[in-house]
Each structure stands twice: as C-alpha cells, then as structure tokens.
Amino acid sequence: MRSAVRRLVAGVSLAAVAFAVAAPALADDVNVGLVLPMTGPQQSTGKQEAAAAKLFMQLHGVTVAGHTIHLLLKDDGAAPDVSKRLSQDLIANDHAIALLGYGITPDALAVAPLATEAKTPVIVTAAATAMITEKSPYIARTSFTLPQASVPMADWALKNGIKKVDTLVTDYGPGIDAETWFAKEFQKGGGAVGNRLRVPLKNPDFAPVLQRVKDGKPDAVFVFVPSGFGAAFMKQFVDRGLAAAGIKLIATGDVTDDDQLDSMGDPALGVVTTHHYSADHDSPENKAFVAAFAKANGGMRPNFMAVAAYDGMDLLYRALAKAGGKTDGDSLMAAIKGQAWTSPRGPISIDPATRDIVQTIYVRKVEKKDGHLFNVEFQSIPAVKDPYKAAKAGQ
Ligand code: VNL
C-alpha cells in the first residue's frame, strides 16, 4: 500500500518536471508546490485544479517579479498523512516559496502546522470548511466557505414558499458547516428544519437517507456533497422517487458541479443552488477563461475547483509583484492581504483580517442551453464574507 502510494507520487513528480521544462534555468528560479488528489475518489478536483493552474501559467507566463516559477504537482490522493508528508518535502527539500491546493478539509488541516512552523504561505484552493484559515496565519483561501454558500440558499428558500426542509450532508467539516449555517438562517427566518441527515465521506449510500426524507415529506431537501459526488446523488434522488413525490432539491453548487452537470441529464433541470462560480457566468473574463480551458483540455468545462486554482495562481503572482519580488513568507502574506481583482467568477478580494475570500454568491437554476445543462445565474449577492468569521467578529 505505502509503496503503491510512493510509486504514484514518483509518477506525478515526473509529470511535474515536464510541466516546468519550458522555463529557462535562471539563478532566481523558485519552486511552488501544488498538492492535489490526482488519484482516488477526489481525482476530479485534482484534474480540474491542475489544468487550471497550468492554464494560468500558459496565459500569464512563468516569470513574475524577476522569478521563474516552477510548479511542482504532487498527488496526495486526498489522504491527509500523504498531504502532510508531501508538503513537508516541498518545504524542506524543494524550498517551495508557497504551497497551493488541498482537495478536502482534512488535507488542509494537516498542513496548517507546517505552514506556521516554516512560515510558508499556503493558498487553499479547494477545501472549504470555514475554520481552516484560522488554523495558521500563513493560510489564505481562494475557494469559498460552506457557510458563505449555504446562508444565501436559506434566504432564497424563505422567500420562495419553502417552509419545511430536511438537510442531507456529507458527514465531515464542510457538510456540518452547510447543515449548521443553512439551518440557523432558515430557522431565524421562520422556517422549520426536519431531519438532519448525514452520509459518510467514504462510499456514501444515499438510499436510506433519501427514504427518510421521502417519509418525512418536507417541502424541500437541502443538500451538500463534495465535488465529484453530485451525479451519484442525483441518480439516487430520482431513482428513489423524491422528485416524483414533489420534494424540491435545493443545494450548494457542489451538487450541480460543472464537471458532472451535463452528464446528470434532465432530472437536474430546475434545481436551484447557490454558489460562487458557474461556467455559464456572463462576463468577458469568464468567456475567455472557459474558452481557453476547453481549448487546452480537449473541450473540458471548468468547474468551481478550476476557477479557485486559477485564482490561487493569480493571487500568488499578484503577491510576488506587490512584494517587489521578495519571497519570504511574511512579505508574501502581507502582500496577499487585501488583494482585489476581477476573477472569471466576478469581483473577489482577500479579507485582510481573515485571509479568506470575499465574493459574490449567485442563485442559479439548472437550465438547458444549446442542448447542454448549465447553472444559469439569476440573482447575485455581492461581497459575501464568510458568515462564520463575520459572526465571531460581531459583524
Ligand atoms: C470540500 C468542500 C471538498 C467542498 C469539496 O470537494 C467540496 C472540503 C472535493 O472542504 O473537503 O466541493
């Protein structure tokens, strides 16, 4: 088992070397680590994010503030012990100036103490449990937080005649955040929360919990599953007859993930979700991003993981430029705080107080456009801060 992991990792490291051959060998070459699940159940996140980080460098060059960037891609298979070991290697042996990636929450938590100890900036581009950024002053984030996506879903449900909701989430950090923050907001507005159901992260079986939802007859079920599990969930939702029983599906956009949405077919039509990115987002920045991503990756559609990795690279480049080429952790973190720009997803910034992302959350509905399913945005809530940290700060 261990040697199998090592062999895989060695394979990916070779790919990482090939990644960087275009860069000339200069004295001021710097390494940047990208730690992602390229294998295992979370591999769609790795595939999307690695493609997006690579695209950013293709479009913006490999040189910034006098440094030539070498991106070293490592496969952690989403296992936190492997994440930690690979990150330690990148810091100690490759002298990486920053680490990006971390597909699921336990991976990001495993690297937090290393970031603090080595004063190495970690830009979390996937994991989305709210408290991750509190675990080290050297962590910033370009993905999102589950409270950020879930509170607007509760607000929308309250305004749209939904009175009783069951929640169904994956049983770990982000799922518990989604359940907690949806329920709190929905109840505050007068809504009733029925069953609070959870499925394991590994090999989830949706059938028994969906039966309980069906039996309880709520107006809607609010769902979070991590990226890559949406299609399996949607199939069970339909097979178990929930849609036929008139129970509405509302969710964070992790469920109607652009990586899988088009393969879910007509049962996904009409599903309303809240999230920070849709491949259908109507802006010149996004149209250029989607077209370039598709061109470089055999027609692939970028999802919310891809845009977070693209923006993670953008954040690093911006920080290096602002720090005047300084690569120490304190200079880079100071330059990361307060960065603001227009991403393919819309306007974003890094909250200088929390190092977490502030962004627009969109309400979207699955619709068919030119024969393909998309999350079509129809409402937007600008400049949403992570509600968990905002509440703690008394905001
Ligand atoms: C997490 C959150 C992972 C949301 C996800 O997909 C996601 C996490 C892999 O924090 O573990 O969609």
Side-chain angles (χ1 to χ4, degrees), residues 34-52 75-80 82-84 100-112 122-135 139-150 153 167-182 198-204 222-234 251-261 273-279 302-309 312 345 356-357 359 361 364 375 386 388:
L34 181 61
V35 182
L36 289 169
M38 303 308 295
T39 52
Q42 261 79 37
Q43 60 182 280
S44 67
T45 295
K47 171 193 69 176
Q48 285 274 352
E49 295 222 353
D75 175 16
D76 65 6
V82 182
S83 278
K84 186 173 177 182
L100 281 76
Y102 306 101
I104 60 171
T105 288
D107 305 337
L109 294 179
V111 78
V122 168
I123 301 175
V124 174
T125 59
T129 303
M131 55 63 173
I132 289 171
T133 45
E134 296 177 333
K135 298 299 173 190
I139 294 182
R141 173 155 49 195
T142 56
S143 50
F144 74 112
T145 80
L146 265 303
Q148 200 175 38
S150 304
M153 190 72 254
T167 60
L168 195 180
V169 303
T170 302
D171 191 8
Y172 76 124
I176 293 164
D177 265 3
E179 176 194 287
T180 305
W181 285 84
F182 176 89
R198 297 180 183 176
V199 292
L201 176 60
K202 289 205 173 103
N203 305 314
F222 167 73
V223 178
F224 164 80
V225 294
S227 186
F229 289 85
F233 168 78
M234 194 66 79
T252 62
D254 308 73
V255 176
T256 55
D257 181 350
D258 272 305
D259 191 64
Q260 297 186 323
L261 179 58
T273 57
T274 41
H275 228 208
H276 52 288
Y277 180 68
S278 166
N303 72 355
F304 64 96
M305 294 298 189
V307 81
R345 70 183 101 174
D356 223 330
I357 188 162
Q359 58 191 335
I361 297 295
R364 317 93 51 86
N375 293 298
D386 171 39
Y388 160 81

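Each ligand, and each atom within it, is numbered from 1 in the order the structure gives.
- Close approach of ligand 1 to M305 is summarised as follows: ligand atoms under 4.0 Å from at least one heavy atom of the residue are 5 (C), 6 (O), 7 (C), 9 (C), 12 (O).
- Counting the atoms of ligand 1 from 1 in the order shown, those under 4.0 Å from a heavy atom of G103 are 3 (C), 9 (C).
- For atom 6 (O) of ligand 1, the closest non-hydrogen atom on the protein side is S227 N, 3.0 Å.
- When each of D107, L36, L34 is tested with Y102 by the rule side-chain contact (heavy atoms from CB on, under 4.5 Å), just one qualifies, namely D107.
- At the top of the distance list for atom 10 (O) of ligand 1, counting protein heavy atoms only, stands T105 OG1, 2.5 Å.
- The backbone and the side chain of I104 each have at least one atom closer than 4.0 Å to an atom of ligand 1 (non-hydrogen atoms only).
- Of the possible donor and acceptor atoms, one in the side chain of D75 sits under 3.5 Å from a partner among the backbone N and O of M38.
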- Message: Would R141 and D386 count as a salt bridge (charged side-chain N to carboxylate O under 4.0 Å, His left out) here? Give the steps.
- Response: CA-CA 11 Å; R141 173 155 49 195; D386 171 39; 5.5 Å; no

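- Using the six-membered ring where Trp is involved, F222 and F182 have ring planes that are parallel, under 30° apart on the 30 and 60° scheme.
- The atoms of ligand 1 that sit less than 4.0 Å from any heavy atom of T45 are 9 (C).
- Side chain of T142 to backbone of A308: a donor-acceptor contact under 3.5 angstrom is found.
- Listed by number with element, the atoms of ligand 1 under 4.0 Å from a non-hydrogen atom of A128 are 2 (C), 8 (C), 10 (O).
- For the residue pair Y277 and R364, the shortest heavy atom distance occurs at O-NH1, 3.0 Å.
- Contact analysis leaves F229 out of contact with ligand 1, as no non-hydrogen atom separation drops below 4.0 angstrom.
- For ligand 1, the atoms closer than 4.0 angstrom to any heavy atom of A127 are 8 (C), 10 (O).
- The nearest non-hydrogen atom to atom 11 (O) of ligand 1, considering only F304, F224, Y172, comes from Y172.
- Every residue was checked against the side chain to side chain donor-acceptor pair (under 3.5 Å) condition with D177, not counting sequence neighbours, and none meets it.
- Residues N375 and S278 bring no donor and acceptor atom of their side chains to less than 3.5 Å of each other.
- The closest protein non-hydrogen atom to atom 12 (O) of ligand 1 is D254 OD2, 2.6 Å.
- At a heavy-atom distance under 4.0 Å, atoms from both the backbone and the side chain of P226 approach ligand 1.
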